[in-house]
Amino acid sequence: MITVLKQGTSQAQMEHLIAWLKEQNLDVHVSRGQDYTILGLIGDTSRIDMELLGSLDIVESVKRVSEPFKQCSRQFHPEDTVVSVGKARIGGGHFCLIAGPCSVETEEQIIEVAEKVKAAGADILRGGAFKPRTSPYDFQGLGADGISLLLEAKKATGLPIVTEIMSAHYLDLFADVDIIQVGARNMQNFDLLKELGKTDKPILLKRGLANTLKEFLMSAEYIMSEGNQNIILCERGIRTFDTYSRNTLDLTIVPMLHELSHLPVIVDPSHATGKVRLVPPMALAAVACGADGVMVEVHNDPIRALCDGAQSLRPEQFASLAGKMRTVRKAVAQ
Ligand code: PEP
Ligand code: MN
């Protein structure tokens, strides 16, 4: 961390500040220029309150040199993290295709979709049992019954399953779930993140609706700081001024996250766009920009879906998209 002192700072004022910084277990390197004096703070600066330091009368500016995230940073862990679930691998050059309905509705629905997406090449089955709906009057998901139906679909197809948790209170119900999803609305539910950090389950962490890259990685850091290193980051579109699509897919974050972090990064073009015809082009773009996986919503009867029918692919559309994704992957690997 670098602290630039204001012109006219006296020696006594500077020494007073240095003494305080040393009390925080930091070494201080003083560099005197013609106009400004710069203090280089060496050591663990993650607990230093930048705003407080910057508010002091003698401080001109404060800048972090290293990022506040540590365990999810590539500096801390240069090799890619590979998350393994059943036969599926995510990250480190392994690509993973996750597909399934927005919500689990009936046994017939989830088994039919599971069989069809498996036949088309999906590695993991998705399906919501606890649904975070904007309106309390909308379908809220089948809850524990939804998880039981997902487990039946897993038994029938062998596909690992991913489903969303909304409160740590329900953690026991997720004992046989392969990947626990934290939805966009809970990305900064820090108590939930801490509880999930104490488990050894892979966590699929979705980016919040209006969260920055730094906030996204700090949420991953919450999970990792409790011991769980198995995290998959998921870009799912953010709020912008445009209302044409449900959200705006921020694909720039994919290579940026790969640069800054070792965690695998996947993309959800379904929630990002909200429109079924926009899903295939954005899924292909996600593959092209290096995503470690794509998660899409697939429904056997989208028009009757209880949630997100407008963005759900029919199984045959998914099969066609899966083939194109394989082609794009081969093309970008050359
Ligand atoms: C979902 O994946 O089912 C979901 C609700 O997505 P998000 O949290 O990204 O809105
Ligand atoms: Mn959905």
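Counting convention: from 1, in listed order, for ligands and their atoms alike. Values below: all heavy atoms of this structure, side chains included; hydrogens, waters and symmetry mates excluded.
- Counting the atoms of ligand 1 from 1 in the order shown, those under 4.0 Å from a heavy atom of Gly183 are 8 (O).
- Closest to atom 4 (C) of ligand 1, if we only count protein heavy atoms, is His271 NE2, 3.5 Å.
- Note on Cys102: counted as a metal contact of the Mn ion (ligand 2), an N/O/S atom lying under 2.8 Å.
- In terms of polar-atom proximity, defined here as any N/O pair under 3.5 Å, Met295 makes no such contact with ligand 1.
- In this structure, the side chains of Glu297 and Arg126 come closer than 4.5 Å at one or more pairs of heavy atoms.
- Residue Asp308 approaches the Mn ion (ligand 2) most closely through its N/O/S atom OD2.
- Between the side chains of Gln13 and Ser10, at least one donor-acceptor pair of N or O atoms lies under 3.5 Å.
- At a threshold of 4.5 Å between non-hydrogen side-chain atoms, the residues Leu205 and Leu193 count as touching.
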CA sep, side-chain torsions, deciding dist, call: Asp308, His299, side chain to side chain donor-acceptor pair (under 3.5 Å): CA-CA 9 Å; Asp308 287 349; His299 198 286; over 6 Å; no
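- Here the CE atom belonging to Met1 is positioned 3.5 Å from the CZ atom belonging to Arg64, to the nearest 0.5 angstrom.
- For Glu297, the N/O/S atom at the shortest distance from the Mn ion (ligand 2) is named OE2.
- Closest protein heavy atom to atom 6 (O) of ligand 1: Lys206 NZ, 2.9 Å.
- Those atoms of ligand 1 that come under 4.0 Å of a heavy atom in Arg126, given as number and element, are 1 (C), 2 (O), 3 (O).
- On a distance-only criterion, Asp268 and ligand 1 share no N/O pair closer than 3.5 Å.
- Under a 4.0 Å criterion applied to the non-hydrogen atoms of Arg236, ligand 1 contributes the atoms 7 (P), 9 (O), 10 (O).
- Looking at Ser261, its side chain does come within 3.5 Å of a backbone N or O of Cys72 through a donor-acceptor pair.
- The single protein non-hydrogen atom nearest to atom 8 (O) of ligand 1 is Ala184 N, 2.8 Å, given as residue, atom name and distance.
- Salt bridge annotation for Lys118-Glu115: absent, with no cationic side-chain nitrogen under 4.0 angstrom from a carboxylate oxygen.
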